[in-house]
Undergrad: 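Could you have a look at this structure, given as structure tokens, before my questions?
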Amino acid sequence: MSGQGEQITYAAAGVDVEAGDRAVELMKADVRRATRPEVLGGLGGFAGMFDASALTRFERPVLASSTDGVGTKVAIAQALDQHDTIGFDLVGMVVDDIVVCGAEPLFMTDYIACGKVVPERIAAIVGGIARACQQAGVALVGGETAEHPGLLGPDEYDVAGAATGVVEYADVLGPDRVTAGDVVLALESSGLHSNGYSLVRRIVSAAGWELDRDVPEFGRTLGEELLTPTRVYAADLLALIRSDGVDVHSLSHVTGGGLAANLARVLPDTVLARVDRSTWTPPAVFSTLQQLGNVPRDDIERTLNMGVGFVAVLPAASVDRAAAVLAERGIRSWALGDVQALDGASLDSGAEVVRGAKGVDGGSVQVLGDHPSA
């Protein structure tokens with residue numbers, strides 16, 4: 001059957017290959033800076049290559065991998081037409097999960113699906129990813145931008161990424177190292193990070209707040225607060241793990257599920273961690289959103305990080321040194337609670353006991369008390 005009407009091209013169908021090529025040209029400089037000595041080849045190959053002979057320095061190398069996205073936080077970036085920070089959210093969500101087991105992230109790839117390739121917008125997104133990779137010491141070895149007209153609107157996009165790291169088998173961190181008497185050390189978040197934005201956006205919409213609204217409690221607009229990039233902890237945590245006088249037993253990235261559930265995942269089932277709210281005051285964005293949406297405390301704590309982006313579980317003798325190392329790197333930390341043997345532990349009957357999460361038969365966590373007033 002031969003067509004007699006107008007010729008249909010790929011561009012007419014909504015895919016602009018030339019725009020994709022222009023986006024690559026615009027992002028080249030940023031991507032070149034996000035590298036490591038082990039990277040082979042350059043931008044544009046079918047696959048990113050990493051010299052695995054670097055792993056021969058390990059006696060028993062264990063590879064760690066992670067994949068994630070940014071979720072509906074991209075809707076805030078799109079509404080504000082600001083796309084150069086969302087890459088930090090992506091890198092933080094991916095590489096910081098790898099560090100939880102003590103692994104050093106080595107390389108990362110990204111994937112962007114969009115309704116229409118706008119070269120400057122794609123370059124801004126990838127530029128943010130590259131700068132975050134550079135900060136984390138991770139090589140950005142490849143990526144893909146896919147144009148999906150009809151599936152996504154012209155100004156819509158989503159981002160995802162995957163990374164690989166390595167750790168010596170004997171140095172793997174995890175629940176088996178945790179013992180009664182350990183301390184739970186909190187690492188401050190930069191704000192909401194990248195979780196819970198479906199709740200956040202629902203609250204803001206129901207209240208009729210616009211993103212350009214000036215919020216005195218934040219000292220900036222609502223949009224600026226919501227788009228604050230996720231803190232990328234990878235390099236700081238590796239420095240902590242490798243510091244003399246610090247013996248990290250386990251780490252937890254406080255993402256979806258909140259503090260209690262994510263902490264429970266890195267504890268053995270023989271212990272209880274008691275976390276005290278009175279040890280910190282969450283930043284204003286958390287209390288403002290909770291009050292604005294009349295969100296129950298247990299719900300908001302299961303959804304948002306409440307100002308704690310990471311936790312480290314370590315012996316009491318390591319706490320002061322660990323806090324000093326983190327302070328030198330610009331991260332505030334504080335003792336959040338302690339670890340007790342579950343058998344015979346003093347349980348507060350008025351507080352929920354969270355046991356394990358996301359399929360992990362982990363330890364138990366109770367969050368007690370109240371936050372001080374801001």
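As the structure is a computational prediction, the values presented were derived from the model and not from experiment.
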Undergrad: Hey, are S194 and T230 close enough side-chain-wise for a donor-acceptor pair under 3.5 Å?
TA: yes
Undergrad: Grab the two heavy atoms, one from A273 and one from V184, that are nearest each other, plus how far apart they are.
TA: CB-CG2, 4.4 Å
Undergrad: List for me each residue that meets ring pair (Phe, Tyr, Trp, His ring centres under 6.0 Å) alongside F310, sequence neighbours excluded, and say none if there are none.
TA: Y233, H253
Undergrad: Would you mind reporting whether D269 and L342 have side-chain heavy atoms less than 4.5 Å apart?
TA: no
Undergrad: Are the side chains of W280 and E188 in contact, using a 4.5 Å heavy-atom criterion?
TA: no
Undergrad: Does the distance from a Lys or Arg side-chain N to an Asp or Glu carboxylate O, for D84 and R121, drop under 4.0 Å?
TA: no
Undergrad: Are V367 and V339 connected in the hydrophobic side-chain network, where two residues link if heavy atoms are under 4.5 Å apart?
TA: yes
Undergrad: As an exercise, state the distance from CG of D158 to CG of L152, rounded to the nearest 0.5 Å.
TA: 7.5 Å
Undergrad: Specify the closest pair of heavy atoms between V266 and S252, including all atoms of both residues, with the distance to one decimal.
TA: CG2-CB, 3.8 Å
Undergrad: Hydrophobic cluster membership, with links at side-chain heavy-atom distances under 4.5 Å among I/L/V/M/F/W/Y: are M93 and V100 in one?
TA: no
Undergrad: What's the shortest heavy-atom distance between V204 and L289, and which atoms?
TA: CG2-CD2, 4.3 Å
Undergrad: Are the side chains of D110 and I112 in contact, using a 4.5 Å heavy-atom criterion?
TA: yes
Undergrad: In Å, rounded to the nearest 0.5 Å, how long is the span from CG of D176 to CG of L267?
TA: 12.0 Å
Undergrad: Judged by modelled atom types alone, do T228 and R220 share a side-chain donor-acceptor pair under 3.5 Å?
TA: yes
Undergrad: Do you know the tightest heavy-atom contact between F58 and E168?
TA: CA-OE1, 3.3 Å
Undergrad: If you apply the rule side chain to side chain contact (heavy atoms under 4.5 Å, CB included), what do you find for V91 with D96, and how did you get there?
TA: CA-CA 8 Å; V91 173; D96 285 348; over 6 Å; no
Undergrad: If you define the side chain from C-beta out and look only at heavy atoms, does anything of L226 sit under 4.5 Å from L211?
TA: yes
Undergrad: Pairs under 3.5 angstrom only: tabulate donor-acceptor contacts from the side chains of residues 75-83 to other protein residues two or more places apart or in another chain.
TA:
unit_1 : atom_1 : unit_2 : atom_2 : d
Q78    : NE2    : Y157   : O      : 2.9
D81    : OD1    : H83    : NE2    : 2.8
H83    : ND1    : Y157   : OH     : 2.9

Undergrad: Is a side-chain donor-acceptor pair under 3.5 Å present for E224 with T221?
TA: yes
Undergrad: Do I300 and P296 make a side-chain contact, defined as non-hydrogen atoms from C-beta onward lying under 4.5 Å apart?
TA: no
Undergrad: Pair V275, Q366 - check side chain to side chain contact (heavy atoms under 4.5 Å, CB included), show working.
TA: CA-CA 6 Å; V275 172; Q366 272 197 320; over 6 Å; no
Undergrad: Would you say the side-chain atoms of N305 and S189 include a donor-acceptor pair closer than 3.5 Å?
TA: yes
Undergrad: Test side chain to side chain contact (heavy atoms under 4.5 Å, CB included) on L185 and L314; report intermediate values, then the result.
TA: CA-CA 8 Å; L185 186 71; L314 66 177; 3.9 Å; yes
Undergrad: Who pairs with Y197 by ring pair (Phe, Tyr, Trp, His ring centres under 6.0 Å), at least two apart in sequence or on another chain?
TA: none
Undergrad: Please examine the side chains of C114 and I122, heavy atoms only from C-beta on, and report whether any two atoms are closer than 4.5 Å.
TA: yes
Undergrad: About how many Å separate CG of L336 and CG of D276, when rounded to the nearest 0.5 Å?
TA: 8.0 Å
Undergrad: Would you say F107 ends up clustered with L90 if hydrophobic residues are merged whenever their side chains have heavy atoms under 4.5 Å apart, either directly or through other cluster members?
TA: no
Undergrad: With sequence neighbours left out, write down each residue that passes ring pair (Phe, Tyr, Trp, His ring centres under 6.0 Å) with H249, or none if nothing qualifies.
TA: none
Undergrad: Any side-chain to backbone donor/acceptor pair from R302 onto A261? Under 3.5 Å, distance only.
TA: no
Undergrad: Within the 4.5 Å heavy-atom criterion, are L251 and V311 side-chain neighbours or not?
TA: no
Undergrad: Can you give the donor-acceptor pairs under 3.5 Å from side chains of residues 35-55 to other protein atoms, not counting sequence neighbours?
TA:
unit_1 : atom_1 : unit_2 : atom_2 : d
R36    : NE     : E38    : OE1    : 3.1
R36    : NH1    : E104   : OE2    : 3.0
R36    : NH1    : G137   : O      : 3.0
R36    : NH2    : E38    : OE2    : 3.2
R36    : NH2    : E104   : OE2    : 3.3
D51    : OD1    : S53    : N      : 3.0
D51    : OD1    : S53    : OG     : 2.7
D51    : OD2    : S53    : OG     : 3.1

Undergrad: So which atom in A341 and which in A180 form the shortest heavy-atom distance, rounded to 0.1 Å?
TA: N-CB, 3.6 Å
Undergrad: Among D343, L347, V365, find the residue that satisfies the side chain to side chain contact (heavy atoms under 4.5 Å, CB included) test when tested with L272.
TA: L347
Undergrad: Rounded to the nearest 0.5 Å, what's the gap from CD on Q290 to CG on L199? Could you check?
TA: 10.0 Å
Undergrad: Nearest 0.5 angstrom please: I98 CD1 to L63 CG, how far?
TA: 10.0 Å
Undergrad: Before accepting this row, confirm whether a basic side-chain N of the pair E301/R277 lies closer than 4.0 Å to the acidic partner's carboxylate O.
TA: yes
Undergrad: Heavy atoms only: give me the nearest S318-D247 pair and the separation to one decimal.
TA: OG-N, 3.2 Å
Undergrad: With clusters defined by side-chain heavy atoms of hydrophobic residues (ILVMFWY) lying less than 4.5 Å apart, directly or transitively, does W334 cluster with L187?
TA: yes
Undergrad: Same cluster for V313 and V167 if Ile/Leu/Val/Met/Phe/Trp/Tyr side chains link at under 4.5 Å?
TA: no
Undergrad: Rounded to the nearest 0.5 Å, how far apart are OG of S287 and CE of M306?
TA: 7.5 Å
Undergrad: Could you give all pairs that pass the ring-ring contact (aromatic ring centres under 6.0 Å, His included) test and reach residues 205-232, with sequence neighbours left out?
TA: none
Undergrad: State, yes or no, whether a side-chain contact exists between I125 and I86 at a heavy-atom distance under 4.5 Å.
TA: yes
Undergrad: Apply the test salt bridge (charged side-chain N to carboxylate O under 4.0 Å, His left out) to residues R297 and D370: give CA-CA distance (whole Å), side-chain angles for both, the deciding distance (0.1 Å), then the verdict.
TA: CA-CA 11 Å; R297 183 166 74 176; D370 296 301; 2.8 Å; yes
